[in-house]
2 protein chains.
Amino acid sequence: MNKEFHLQSVLVIDDDIELTDMLSTYLSGMGYSVNVKNDGEAGLSEAISGHHYDLILLDVMMPKMDGFDVLQKLRASHTTPVLMLTARGDDYDRILGLELGADDYLPKPFNHRELVARIKAIVRRYTLSAGGGGTEQDLLINDIFLSPSSQQVKVSDIALELTTTEFMVLRLLMLNAAQRVTKEQISLKVLGKPLQAFDRSIDMHVSNLRKKISAVAPGDKIKTLRGVGYMLLPE
Amino acid sequence: MNKEFHLQSVLVIDDDIELTDMLSTYLSGMGYSVNVKNDGEAGLSEAISGHHYDLILLDVMMPKMDGFDVLQKLRASHTTPVLMLTARGDDYDRILGLELGADDYLPKPFNHRELVARIKAIVRRYTLSAGGGGTEQDLLINDIFLSPSSQQVKVSDIALELTTTEFMVLRLLMLNAAQRVTKEQISLKVLGKPLQAFDRSIDMHVSNLRKKISAVAPGDKIKTLRGVGYMLLPE
DNA sequence: ATCGCCTTTACACAAGCTTTACAGTTTGCT
DNA sequence: AGCAAACTGTAAAGCTTGTGTAAAGGCGAT
């Protein structure tokens, strides 16, 4: 999966207030700074304003200026990754958008998982081609060594095979070592969606992490905070 | 789980009289003030009437105005958490509802436990995003050190193993050190429900707290205010 | 179609919250 | 003082809920 999911700043251009509210909530919850414009004209001027955006979510059908126009004009000067959103499901839109330089295309209605998956895919592609800068710091806590730049984890100097999600959960726990991390936080930051009732997926990822870690080093390095979440033990 | 937020007021919008009666009885029993409207129009006007609601339970299929319409119009001005109820189980409804800004979706028929779980999940999410995290300060009173970020308590520099509830009781007492804290307050803020007659659970939590603290440091740091509640001694 | 992996389901288990029970204590009343 | 009623402390039982994890299911990627 992606080597590095480290979005800082996202611009959302869509006239659907409900949708932009939702996107804003979720993306903010994932730790990103989100800016919203509700028509094409305002969106374009913000996009080329000088403020740097790592990703633009762009609706096709909008008042004043549609998404294709925005994209075309934007591409005259910027290479910012763009994910197009549209209510129509036909291929023509898709092809037109991609020809104009969109990075991907997402038909409405879409669910969070799909949105997150596509955002991740774009960011991965972009950061890899842009030389994939490893600005992330390596971490070493309680005999666990984690290197974001190479997506590698070593415990007691033995390499572990982690999935991307497991890696991100571990990284979040290590970044907050000796501090409680709630399941809500993990769900938002790692999976990009709020924790739902009866959702056990975080438990599973932690369980799998523990299994892989304890296969190499004895003792549980992850403490359960019942009814709250988890905590990485510092020692 | 965040128990520091107590639902006060719930609005139920559903044309199924039997169901609303049941919900009303049940939620009232949990200590919430419940208001019921039996069609979408009445529901919407109540929701935006100025009376504050902490949560709205909203049926999809209703006369006059369906749940999606209500939700859409509500979202123009309000961010009140909404839990959608519907007889249909298909994903499209769910996605549409979530896009319009619903917080969750509950297919009928549902049982009490599921309803309560989903309400809790929403409340948890809501209070978390409403700045529950960063403002919690470490406290040091009468040789008791309490750190919310790590959910850790040390007495005379020796770590205690407290449950989350015990931790929250102690924190509440420390926040109000040298001031009386009634059992009613403790029940509301820590357990999230009003104190019932013959309810001894607060006494038990305090008793367990005392036991754990005095195992490490002699002398009772918690004073009993007979007929009122408890107080943490400052010295 | 196949693979990998995320999510859901199911169930046993454990943690810990609440209730029960009873002894001890305080308060209020005569 | 004497007594009853109300309140509190706490051990132990009971019960609810959260958690660990295997296994099945689902879904995007290839």
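Throughout, a chain's letter reflects where its sequence line sits, starting with A, and its residues are numbered from 1. Quick note: numbers below take in every heavy atom, side chains included, and nothing from hydrogens, waters or symmetry partners.
Rounded to a whole Å, the CD atom of B:Glu166 is 13 Å from the P atom of D:dT10. Distance CD (A:Glu184) to C1' (D:dG18): 13 Å, rounded to an integer number of Å. If you take CD1 of B:Ile202 and P of C:dT19, they are 11 Å apart, rounded to a whole angstrom. Nucleotide C:dC6 holds its P atom 19 Å from the CD atom of A:Gln196, rounded to whole Å. One atom, CD of B:Glu114, and another, C1' of C:dT9, lie 14 Å apart when rounded to the nearest Å. Remark: C1' of C:dT27 and CG of B:Leu225 are 15 Å apart, rounded to the nearest angstrom. Distance, B:Leu191 CG to C:dG16 C1': 12 Å, rounded to whole Å. The CG-C1' distance, from B:Leu209 to D:dG9, rounds to 14 Å in whole Å.
Between the side chains of A:Thr224 and A:Arg210, at least one donor N or O sits under 3.5 Å from an acceptor N or O. Judged by distance alone, the side chains of B:Asp143 and B:Ser156 do bring a donor and an acceptor atom under 3.5 Å apart.
Here the closest heavy-atom approach between residue B:Phe167 and residue B:Ser147 is recorded as CZ-O, 3.8 Å.
You won't find any donor-acceptor pair under 3.5 Å spanning the side chain of A:Arg226 and the base of C:dG16, going by distance alone. Between the side chain of A:Arg210 and the base of D:dG20 there is no donor-acceptor pair of N/O atoms closer than 3.5 Å.
Listed for the B:Thr164 side chain is a donor-acceptor partner under 3.5 Å among the backbone atoms of A:Arg226.
For D:dG9, one of the phosphate oxygens OP1 or OP2 lies less than 4.0 angstrom from a side-chain nitrogen or oxygen of B:Tyr230. Using a 4.0 Å cut-off, some side-chain N or O of B:Thr165 falls inside it from OP1 or OP2 of C:dC17. In this structure, B:Lys193 reaches the C:dT18 phosphate: one of its side-chain N or O atoms is under 4.0 Å from OP1 or OP2. Taking only side-chain nitrogens and oxygens, A:Thr224 comes nearer than 4.0 Å to OP1 or OP2 of D:dG20. For the OP1/OP2 pair of C:dC6 and a distance below 4.0 Å, the side-chain nitrogens and oxygens of A:Thr163 include at least one atom meeting the criterion. Distances shown here put a side-chain N or O of B:Ser201 below 4.0 Å from the OP1 or OP2 atom of C:dT18. Between A:His205 and C:dT7, a side-chain N or O to OP1/OP2 separation shorter than 4.0 Å is present.
Tested against A:Met168, the residues A:Leu162, A:Val190, A:Leu173 include a single side chain to side chain contact (heavy atoms under 4.5 Å, CB included) partner, A:Val190.
For A:Met204, whose side chain is taken as the heavy atoms from C-beta onward, the closest listed nucleotide among D:dA22, D:dG9, D:dA12 is D:dA22.
In this structure, B:Asp199 reaches the sugar-phosphate backbone alone: every heavy-atom distance under 4.0 Å involves primed, P, OP1 or OP2 atoms, never a base.
In this structure, B:Lys211 and B:Lys183 both approach DNA chain D, and ranking their closest nucleotides by distance from the 5' end singles out B:Lys183.
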